[in-house]
There are 2 protein chains.
Amino acid sequence: MSSASSVSVFALTLNRRAAQVDQFLERALSPEGEDKTKPWPTRLKNAMRHGVLGGGKRIRPFLVIETVAMLGGDEKCALRAGAALELVHCYSLIHDDLPAMDDDDLRRGRPTVHCAFDEATAILAGDALLTLAFEIMAARETHPDAAVRAECVTILAKAAGAGAMVGGQMLDLAAEGRFGDPAPDAEGVRLLQAMKTGAMLTAALELGGVIAGADAPRRRLLERFGRALGAAYQIADDILDRESTTEALGKRAGKDRGKGKGTLVDLLGMDRARAECRELSAEAMAALEPFGPSADTLRAAFGFTVARST
Amino acid sequence: MSSASSVSVFALTLNRRAAQVDQFLERALSPEGEDKTKPWPTRLKNAMRHGVLGGGKRIRPFLVIETVAMLGGDEKCALRAGAALELVHCYSLIHDDLPAMDDDDLRRGRPTVHCAFDEATAILAGDALLTLAFEIMAARETHPDAAVRAECVTILAKAAGAGAMVGGQMLDLAAEGRFGDPAPDAEGVRLLQAMKTGAMLTAALELGGVIAGADAPRRRLLERFGRALGAAYQIADDILDRESTTEALGKRAGKDRGKGKGTLVDLLGMDRARAECRELSAEAMAALEPFGPSADTLRAAFGFTVARST
């Protein structure tokens with residue numbers, strides 16, 4: 001099969017999984033799921049839905065589900081855990097877009113939540129989505145073994161917390177110089193990105209391993225793959241941001257440069273950034289090697305991620 | 001023992017528990033607890049500490065710990081679960097104080113987090129504290145039984161989510177009229193308060209019951225007590241807000257009236273509000289009756305709460 005048609009087969013699989021995830025999220029954010037005595041306020045619910053249901057590739061749930069499928073685990077459990085991870089991703093976008101943060105008015109080609117609603121509602125919608133993610137993860141339906149559910153909560157909390165995603169967003173704001181810090185060097189940018197975006201992608205692989213009951217050596221391989229994927233994803237994103245237009249991206253292009261934030265592409269140059277992507281690709285493929293052909297979808301996921309730009 | 005000296009014995013117990021909680025929170029928010037490869041950014045950490053370690057009665061952890069003590073459960077487990085609950089309470093104060101929300105500059109007699117730092121940092125500090133709460137709750141040290149930990153996560157997520165605390169804050173903003181809604185009547189205010197503050201206080205009792213392994217009937221009694229306590233707490237707070245000065249409260253007094261928000265005191269008048277408090281007291285005492293003398297500390301907690309104002 002040619003590389004082009006592999007990519008298109010992969011895109012179909014990705015879309016099919018995204019439809020499953022969207023269906024789950026639609027239900028999780030609809031009134032039927034609620035306690036009638038304590039209803040979600042309508043404006044809050046609408047803002048949560050706006051922030052979650054407006055498209056998106058659902059790459060994080062995809063990785064959870066495909067990892068579990070590869071290991072022969074229960075895909076329904078994987079769907080719930082993946083959807084919880086996606087809710088955390090969506091909340092982080094809502095808060096990142098706020099005027100006090102990145103001040104973005106466009107996301108996936110639509111107004112951001114604080115533009116479509118207001119700032120207070122956007123803050124609360126993000127808070128509610130983060131909280132809902134943990135409620136879904138801890139629920140009995142997510143896995144029959146409570147120890148697995150508790151471990152999934154731990155993985156999610158670590159990936160989203162001060163030592164990872166939220167901390168990465170903080171470093172990102174600091175990298176703009178707004179608190180008087182010097183601009184980070186390449187190593188600083190790598191740490192920032194590993195925290196801000198890498199940790200949540202790595203968490204997808206870790207969740208897959210835990211849900212499918214993988215042994216410790218396999219879980220370490222999955223984590224290694226996740227870290228390489230996260231790093232490559234970010235470099236690919238920076239290359240794409242450099243080369244694309246706002247129209248094609250559905251969000252403002254080149255916005256990082258506008259704020260004087262250095263990406264790895266800026267700091268290393270396009271050629272060395274692409275070379276780093278290739279090294280990460282080799283690392284990712286080495287981590288998947290012991291899984292044999294069963295890991296082909298994860299291989300394609302890596303290829304798809306990097307193929308966006310390099 | 002006279003009522004006055006009961007209150008002072010209770011205040012000593014409350015202070016002793018608060019010191020235990022503060023010690024735990026100090027450790028949870030200090031560098032030693034961190035993964036050295038992904039450190040918490042210093043500014044973020046300092047903002048989290050500012051928002052949590054600035055005093056506070058720690059009434060929610062107190063209720064978890066005393067409920068567990070009453071039922072003969074493990075107080076160390078209760079301390080962790082109570083501290084997690086307190087982190088959620090603290091995050092909610094940080095976000096509620098933001099300019100886009102209640103726009104408060106003073107909290108417990110100190111500058112609010114967005115005043116001491118900045119808005120972006122305050123948003124992220126809140127996000128990180130909410131996330132840390134779930135990390136602490138799900139950790140093995142919180143309870144040897146993973147099913148108990150998962151249930152504690154569920155209780156916390158429900159109490160903090162769109163159908164409870166965050167939803168209540170949304171209703172509170174709507175009650176100011178900023179989204180064009182009519183002002184709520186007494187029933188609407190009761191729902192708002194049950195969601196905004198009642199759910200987290202009720203969660204304290206529920207967590208205590210689960211951690212101590214209470215049976216279903218006892219858990220229902222604890223929940224009933226929690227609901228009555230939450231409602232009484234809020235009315236007492238409104239009475240206090242009406243009668244106090246900014247200096248005595250450590251936060252702006254009478255701020256709800258300034259925004260035209262009706263409290264139960266406004267809607268029912270002082271006498272009927274006090275009568276409602278007495279009814280709630282009878283309800284709370286009835287719920288505790290089957291626990292006999294072992295529930296004396298919870299009884300005193302109710303008295304202390306209401307005694308602040310009535």
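Proteins come first, then strands; the chains are lettered A, B, ... in the order of their sequence lines, and each starts at number 1. Just so it is clear, the structure is predicted and the values come from calculations on it, not from any experiment.
- Contacts of Phe179(B) with chain A are made by side-chain atoms alone, with heavy-atom separations under 4.5 Å and no backbone atom involved.
- Listed here is the closest heavy atom pair of Pro41(B) and Gly167(A): CG-O, 3.3 Å.
- Looking at Leu132(B), there are no atoms closer than 4.5 Å to chain A (heavy atoms on both sides), in backbone or side chain.
- Your options are Val166(B), Thr142(B), Val88(B), and the one with the most heavy-atom pairs under 4.5 Å with chain A is Val166(B).
- Considering CD of Glu119(A) and CD1 of Ile123(B), their distance stands at 7.0 Å, rounded to 0.5 Å.
- Taking Asp96(A), Thr121(A), Asp181(A), Leu171(A) one by one and counting their heavy-atom pairs under 4.5 Å with chain B, the maximum is reached by Thr121(A).
- Residue Ala120(B) comes nearest to Ala100(A) through the heavy atom pair CB-O, 3.3 Å, listed as atom of the first residue, atom of the second, then distance.
- Residue Ala150(B) comes nearest to Ala138(A) through the heavy atom pair O-CB, 3.7 Å, listed as atom of the first residue, atom of the second, then distance.
- For Met48(B), the part lying near chain A is the side chain, with the backbone staying farther off; criterion is any non-hydrogen pair under 4.5 Å.
- In this pair, Phe134(B) and Phe134(A) present their aromatic rings parallel. The plane angle is below 30°, not in the 30 to 60° band.
- Taking CE of Met137(B) as the start and OG1 of Thr154(A) as the end, the distance is 12.0 Å to the nearest 0.5 Å.
- Considering all non-hydrogen atoms of both residues, Ala128(A) and Ala162(B) come closest at CB-CB, 4.0 Å.
- The part of Asp118(B) that comes within reach of chain A is its side chain, from C-beta onward, which places non-hydrogen atoms under 4.5 angstrom from that chain.
- The CG atom of Leu173(B) lies 6.0 Å from the CG atom of Leu124(A); values are rounded to the nearest 0.5 Å.
- In this structure, chain B has a heavy atom under 4.5 Å from the side chain of Tyr91(A), while its backbone stays farther away.
- Atoms CE and NZ, from Met170(B) and Lys45(A) in turn, are 12.0 Å apart once rounded to the nearest 0.5 Å.
- Of the residues considered (Val153(B), Ile155(B), Ile136(B)), Val153(B) shows the highest number of contacts with chain A, using heavy-atom pairs under 4.5 Å.
- Interface remark: of the candidates Ala160(B), Ala157(B), Ala174(B), Ala157(B) forms the most heavy-atom pairs closer than 4.5 Å to chain A.
- The side-chain heavy atoms of Asp127(A) and Met165(B), taken from C-beta on, include no pair separated by under 4.5 Å.
- For Leu98(B), the part lying under 4.5 angstrom from a heavy atom of chain A is the side chain only.
- Of all heavy-atom pairs between Pro39(B) and Met195(A), the closest is O-CE, 3.5 Å.
- The structure places CG of Leu156(B) at 8.0 Å from OG1 of Thr131(A), a figure rounded to the nearest 0.5 Å.
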